[in-house]
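Just below is one structure, and these are the notes that go with it.
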Amino acid sequence: MRLSYGRDLIAIPGPSIVPDRVLRAMHRSSPNIYGGELIALSDTVYRDLAALARTTGDPVIYLGNGHAAWEAAVANTLRPGDRALVLATGVFGRGWAEMARRLGVEVELLDFGFRATADPARLAERLAADREHTIRAVLTVQTDTASSVSNDIPALRQAIDAAGHPALFLVDCIASLGCERFEMDAWGADVTVAACQKGLMLPPGIAFNVVGPRAWRKRVPCPSLYWDWAPRIEPELFYQRFAGTPPTHHLYGLREALDMLAEEGLENTWARHERLARAIWAAVETWGAPSGAGCDRALALNIAEPARRSRAVTTIRTAPGDAIRLRAWCEEAAGLTLGIGIAAPDEDGGSLFRIGHMGHLNPPMVLGALATIEAGLSALGIPHGPGGIAAAAEVVAQEI
Ligand SMILES: *Cc1c(COP(=O)(O)O)cnc(C)c1O
């Protein structure tokens with residue numbers, strides 16, 4: 001029997017749930033793009049995006065998705081033939097590396113596997129060996145959405161500094177911005193790369209870079225008029241801000257989303273994501289706890305160390321094939337869409353699924369998703385320990 005009539009719940013790591021307030025703000029006829037309120041509104045959006053990234057640097061908005069933001073950051077900091085060091089902790093670091101390679105950058109990959117963080121000591125060692133300073137930029141991902149690892153950005157910055165290396169530090173915060181603590185200036189990121197369809201709660205369509213002073217100073221001549229930061233940061237005419245027609249409705253939506261984040265307060269937003277993430281971990285750990293008597297339960301969190309787990313997405317390991325059956329049951333029988341496993345080459349994607357918990361989310365949504373997953377585990381006869389939902393509810397009830 002299908003029970004999936006009612007409001008569907010999407011729990012994939014982007015696009016995330018779009019709040020009704022954002023949808024209402026976008027539900028309007030097209031505004032004037034040559035004058036009037038849109039121009040002042042986009043100024044406030046720029047200002048508040050910088051505040052969201054905790055920086056005095058300059059945001060640059062593109063019509064595009066996360067891949068667009070990747071390309072923009074590379075095209076303004078690296079020329080063909082320049083060298084970049086990419087720290088990979090899952091599929092997304094590798095994807096950014098491939099993007100840079102296709103733009104002619106000489107990419108060196110430091111791969112830390114699928115279940116570990118980028119190691120600051122290995123980074124420091126590699127940079128110290130680069131005596132001629134031929135590496136022009138270090139690219140990393142804060143939260144790799146495939147493995148759901150959360151890299152220690154301040155520690156990586158310290159590693160660059162410890163090696164006395166002048167490389168620019170580019171950080172992909174596409175999954176994490178607006179969900180997990182990120183302090184661009186205090187942590188020493190030179191470029192922040194992000195998009196609007198995850199923590200910012202919009203439909204896909206806006207990508208952005210935030211450019212710090214060092215990256216601005218060390219930028220390279222950008223071969224593309226579209227990706228070039230300079231006219232967008234210092235436009236003579238408004239249309240140069242977007243190299244053409246602005247993303248009109250997305251700007252209204254983004255204005256509303258930034259208002260919602262301001263009303264909650266960024267520290268509270270981070271704390272809410274922390275609490276909801278911990279509730280999810282508690283459920284999974286309870287389902288996967290060994291039951292003794294030789295009965296193995298395969299369910300486990302992909303990242304063992306709590307401090308290094310993302311607060312925006314959780315990757316869960318199952319016995320081979322169970323993840324696929326479970327996702328299908330949740331979607332078809334119950335109306336809950338879970339994230340597919342995106343595996344590193346040496347991993348089996350069929351034994352991974354992901355819960356996206358970014359953006360517009362509260363306990364009834366998270367507990368509802370977890371209870372539905374538990375129902376799916378039972379319906380499919382997938383071995384799991386009792387009490388997962390109670391454990392999650394306990395976390396929601398705690399004062400941290
Ligand atoms: C989602 C995501 C991307 C890719 O974004 P698209 O909008 O799919 O192009 C890149 N990096 C990270 C960390 C992501 O979470």
Side-chain angles (χ1 to χ4, degrees), residues 10-18 53 61-75 84 86-103 107 109 111-112 114 117-118 138-153 156 169-182 184 189 191-210 226-227 247 250 253-254 257 273 277 302-303 308-315 337-344 352-359 361:
I10 191 148
I12 65 174
S16 63
I17 289 163
V18 183
I61 292 181
Y62 301 91
L63 287 78
N65 58 12
H67 282 67
W70 274 348
E71 180 157 348
V74 170
V86 180
L87 314 180
T89 49
V91 173
F92 287 85
R94 285 215 192 83
W96 201 5
E98 184 54 24
M99 174 74 80
R101 216 173 265 131
R102 291 285 291 266
L103 290 169
V107 172
L109 203 64
D111 201 325
F112 299 91
F114 194 68
T117 48
V138 173
L139 279 56
T140 194
V141 177
Q142 184 182 18
T143 277
D144 194 296
T145 322
S147 62
S148 71
V149 79
S150 177
N151 284 304
D152 189 343
I153 301 300
L156 294 171
F169 188 35
L170 279 52
V171 185
D172 169 349
C173 295
I174 296 170
S176 47
L177 195 75
C179 304
E180 309 187 46
R181 179 174 295 280
F182 177 73
M184 179 172 171
V191 181
T192 299
V193 170
C196 70
Q197 77 274 21
K198 302 193 182 182
L200 283 174
M201 309 178 282
L202 258 69
I206 280 184
F208 59 99
N209 289 171
V210 190
Y226 189 76
W227 297 126
H250 269 66
L254 188 51
H273 281 86
N302 187 49
I303 303 300
R308 299 274 52 99
R309 291 176 193 152
S310 166
R311 273 67 175 155
V313 55
T314 297
T315 304
T337 305
L338 296 168
I340 58 168
I342 334 184
L352 299 169
F353 71 97
R354 296 174 302 157
I355 303 175
H357 37 102
M358 32 184 65
L361 216 59

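Counting from 1, the numbers follow the sequence of the chain as shown. Numbering of ligands and ligand atoms starts at 1, following listing order.
Nearest heavy atoms, A189 versus F182: CB-CZ, 4.0 Å.
Listed by chain and number, the residues in a side-chain contact (heavy atoms from CB on, under 4.5 Å) with I340 are R327, R354 (sequence neighbours excluded). Shown here are the side-chain contact (heavy atoms from CB on, under 4.5 Å) partners of R308, two or more places apart in sequence or in another chain: T117, S150, D152, I303, E305.
For a heavy-atom separation below 4.0 Å, the residues in contact with ligand 1 are N65, G66, H67, W70, F92, V141, T143, T145, D172, I174, A175, Q197, K198.
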Considering only distance and modelled atom types, tabulate donor-acceptor pairs under 3.5 Å from the side chains of residues 196-209, sequence neighbours left out.
unit_1 : atom_1 : unit_2 : atom_2 : d
N209   : OD1    : A73    : N      : 3.2
N209   : OD1    : W229   : NE1    : 3.0
N209   : ND2    : A69    : O      : 3.1

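No side-chain N or O of S148 forms a donor-acceptor pair with one of S310 less than 3.5 Å apart.
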- request: Take T143 and V313 through the side chain to side chain contact (heavy atoms under 4.5 Å, CB included) test and state the conclusion after the steps.
  value: CA-CA 8 Å; T143 277; V313 55; 3.8 Å; yes

